[in-house]
Amino acid sequence: MSQSSLSPAVSSRIPIITIDGPSGAGKGTLSAMLAEAYQMNFLDSGAIYRVLSVAATHHQIAFDDEEGLVPLASGLDVSFETFDTQSRIILEGEDVTDDIRTEEVGAGASKVAVIPRVREALLRRQRGFAQTPGLVADGRDMGTVVFQDADAKIFLTASAEARAQRRYEQLKDKGHDVKLSRLLLDIQARDERDQNRSAAPLRPAKDALIIDSSELSIVQVFEKAKEYIDTKLF
Ligand code: DC
């Protein structure tokens, strides 16, 4: 997509699309599809919180130790690199791309993310992803805090049961022995923490399009999102 194809309202600056919502709603898949469709950069902000969770464990800093976590977040030595078209996440020289995807790291990320000064320390790093030709930003507070003046905002949600079921199938496909009831409890605990924290709680931006994916395929979600974004960008 060329810059010149954008409307005058947005052509003078970098177009930004935000995708927020609870864990397991399909934000990552949708964001990757949109970044590909619009040929834009992609920010997986959850990955940054996950990397911080791993770094805290490496440095033996507890998930509620604000004085330890804030400097760790400000100076987080992380880079996002592409090797042979594969994107890799490097923390302090070590490839942590796969390590950050466990349930434990996700729970740790959700715990460190409740601390306002930790969130503040990660703001500039996230905003740095807004580069030409544009950005699709995936997270919890992309449209409400980090990119408040984004061109198109989507809040993608789904029932906790539908999200637990999807996660269950993904993990089973990978050969993991998991219990659906356990996954549902984990998702509910994470929702509770993400929605009820005082700093940047998970909620839709006032100007977001809300899509409930409980009964939709990813292709249907993508089509709805694209139709809406096209009206905002062009
Ligand atoms: O999207 P995810 O599951 O990878 O995110 C992991 C945790 O990080 C999530 O439970 C809460 C936190 N997070 C956040 O507070 N703000 C964001 N923009 C992204 C993630």
Side-chain angles (χ1 to χ4, degrees), residues 16-32 34-35 41-57 63-64 66 69-70 72-73 76 78 80 87-89 91 96-130 135-148 150 153-158 160 162-164 166-168 170-171 183-205 208 213:
I16 297 177
I17 301 165
T18 59
I19 314 291
D20 288 307
S23 138
K27 300 185 305 289
T29 310
L30 174 63
S31 301
L34 290 171
N41 300 300
F42 173 37
L43 164 62
D44 172 5
S45 61
I48 298 180
Y49 287 92
R50 284 171 181 268
V51 167
L52 180 61
S53 156
V54 170
T57 305
F63 295 141
D64 61 355
E66 179 164 349
L69 289 169
V70 171
L72 187 67
L76 198 63
V78 60
F80 296 81
S87 51
R88 310 301 300 174
I89 303 175
L91 168 66
V96 293
T97 316
D98 300 323
D99 303 351
I100 65 165
R101 295 297 161 198
T102 67
E103 298 299 317
E104 291 86 341
V105 170
S110 159
K111 288 177 188 162
V112 298
V114 303
I115 303 172
R117 284 169 61 216
V118 164
R119 304 193 69 83
E120 229 175 271
L122 295 175
L123 264 184
R124 203 154 51 103
R125 190 182 297 268
Q126 294 175 80
R127 290 186 176 141
F129 280 78
L135 178 68
V136 179
D138 161 348
R140 303 291 189 288
D141 60 343
M142 298 295 99
T144 50
V145 176
V146 183
F147 300 110
Q148 283 179 23
K153 301 181 183 180
I154 291 176
F155 190 84
L156 182 62
T157 186
R163 289 181 282 132
R166 284 180 201 156
R167 185 83 186 122
Y168 177 69
Q170 277 170 359
L171 290 170
L183 288 176
L184 180 59
L185 285 176
D186 287 349
I187 281 189
Q188 287 166 333
R190 191 114 81 88
D191 283 356
E192 165 74 20
R193 216 165 22 237
D194 292 351
Q195 284 162 2
N196 295 321
R197 64 185 179 215
S198 61
L202 172 66
R203 60 178 169 76
S213 72

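Indexing begins at 1, ligand by ligand and atom by atom, following the structure's order.
Of all the heavy atoms of D44, none lies under 4.0 Å from any atom of ligand 1, so neither backbone nor side chain is involved.
Side-chain contact of N196 with E192: a donor-acceptor pair under 3.5 Å is present, judged by distance alone.
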I'd like to know whether D186 forms a salt bridge (Lys or Arg N to Asp or Glu O under 4.0 Å) with R167, so could you lay out the CA-CA distance, the side-chain angles of the two residues, the decisive distance to 0.1 Å, and finally the verdict. CA-CA 11 Å; D186 287 349; R167 185 83 186 122; over 6 Å; no

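Side-chain contact between T18 and I154 is absent, with no heavy atoms from C-beta onward closer than 4.5 Å. Side-chain atoms of L122 and R119, non-hydrogen and from C-beta on, never get closer than 4.5 Å to each other.
Counting only distance, with no hydrogens or angles, the side chain of K153 and the backbone of P204 share no donor-acceptor pair below 3.5 Å.
The distance criterion of under 3.5 Å between nitrogen or oxygen atoms is met by D141 with respect to ligand 1. The shortest N or O to N or O distance between R197 and ligand 1 is under 3.5 Å. For R101, no nitrogen or oxygen atom sits less than 3.5 Å from a nitrogen or oxygen atom of ligand 1, counting backbone and side chain alike. For the pair Y49 and ligand 1, the shortest N or O to N or O distance does not fall below 3.5 Å. Annotation: R50 places an N or O atom under 3.5 Å from an N or O atom of ligand 1; distance criterion only.
Test V78, I100, L76, L91 against L52 for side chain to side chain contact (heavy atoms under 4.5 Å, CB included) and you get one pass: L76.
Nearest protein neighbour of atom 20 (C) of ligand 1, counting heavy atoms only, is G46 CA, 3.5 Å. In terms of protein heavy-atom proximity, atom 7 (C) of ligand 1 is nearest to A109 CB, 3.6 Å. Protein heavy atom at the shortest distance from atom 6 (C) of ligand 1 is R190 NH1, 3.6 Å. Annotation: atom 12 (C) of ligand 1 to nearest protein heavy atom, A113 CB, 3.8 Å. Atom 11 (C) of ligand 1 has as its closest protein heavy atom D194 OD1, 3.5 Å. With respect to atom 19 (C) of ligand 1, the closest heavy atom belonging to the protein is S45 OG, 3.4 Å.
Checked against the 6.0 Å centroid threshold, F80 and F129 count as a close aromatic pair.
Close approach to M142 involves these atoms of ligand 1, each under 4.0 Å from a residue heavy atom: 18 (N).
A salt bridge links R101 with D44; the closest basic N to acidic carboxylate O contact falls under 4.0 Å. Under a 4.0 Å N-O distance rule, the pair R203/D141 does not qualify as a salt bridge.
Taking only non-hydrogen atoms, the option from K27, R140, R119 nearest to atom 5 (O) of ligand 1 is R140.
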